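Contents: one structure, followed by commentary.
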Amino acid sequence: MKYIFTLIWSFLLVTMLNYVVSSVQDVPFDFLLGAILSVVVAVIIFIIAAIIPNDPVVTEHH
């Protein structure tokens with residue numbers, strides 16, 4: 001379920017960013033580019049989540 005929501009949020013946020021940047025730079029909006037970039041961003045997020053450990057850090061007090 002977390003993968004589906006990550007893909008959905010990635011799609012929404014990257015497409016929105018693509019639209020805003022294309023409007024500011026006065027270039028045509030390319031929906032397909034935003035969709036492809038959102039998948040790339042989601043894969044990068046999955047890789048980062050797999051690399052970062054979930055275990056809590058144990059600190060020893062002397």
Side-chain angles (χ1 to χ4, degrees):
M1 196 68 169
K2 67 180 177 180
Y3 298 115
I4 294 171
F5 279 114
T6 303
L7 283 170
I8 291 171
W9 277 108
S10 171
F11 176 77
L12 290 174
L13 292 174
V14 170
T15 305
M16 179 189 64
L17 181 66
N18 184 22
Y19 176 75
V20 170
V21 170
S22 67
S23 294
V24 168
Q25 292 187 353
D26 198 27
V27 295
F29 173 65
D30 188 8
F31 179 78
L32 185 60
L33 177 65
I36 293 170
L37 284 177
S38 68
V39 172
V40 171
V41 167
V43 168
I44 291 171
I45 290 171
F46 296 147
I47 291 171
I48 291 173
I51 292 173
I52 296 175
N54 276 345
D55 300 331
V57 177
V58 178
T59 58
E60 297 179 16
H61 297 284
H62 291 117

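Along the sequence shown, residues carry numbers from 1. All of these numbers come straight from a predicted model, not from anything done at the bench.
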When rounded to the nearest 0.5 angstrom, what is the spacing between CD1 in I48 and CZ in F46? 11.5 Å
Mind checking the CD1-CG spacing from I8 to L13? Nearest 0.5 Å is all I need. 11.5 Å
Would you please name every residue forming a side chain to side chain contact (heavy atoms under 4.5 Å, CB included) with S10, sequence neighbours left out? V14, S38, V41, A42
Can you tell me how far CG of D30 sits from CD1 of I36, rounded to the nearest 0.5 angstrom? 8.0 Å
When hydrophobic residues are tied together by side-chain contacts of less than 4.5 Å, even through go-betweens, does F29 share a cluster with L12? yes
Please determine whether residues I47 and L7 belong to a single hydrophobic cluster, defined as Ile, Leu, Val, Met, Phe, Trp and Tyr linked transitively by side-chain heavy-atom distances below 4.5 Å. no
How long is the span from the CE atom in M1 to the OG1 atom in T6, to the nearest 0.5 Å? 11.0 Å
Please answer: with hydrophobic residues joined when any side-chain heavy atoms are less than 4.5 Å apart, are L37 and L32 in the same cluster? no
Same cluster or not: are I45 and V40 linked, directly or through other Ile, Leu, Val, Met, Phe, Trp or Tyr residues, by side-chain heavy atoms under 4.5 angstrom apart? no
Main-chain N/O of Y19 paired to S22 side chain as donor or acceptor, under 3.5 Å: yes
ILVMFWY network linking I44 to I52, side-chain heavy atoms under 4.5 angstrom: yes
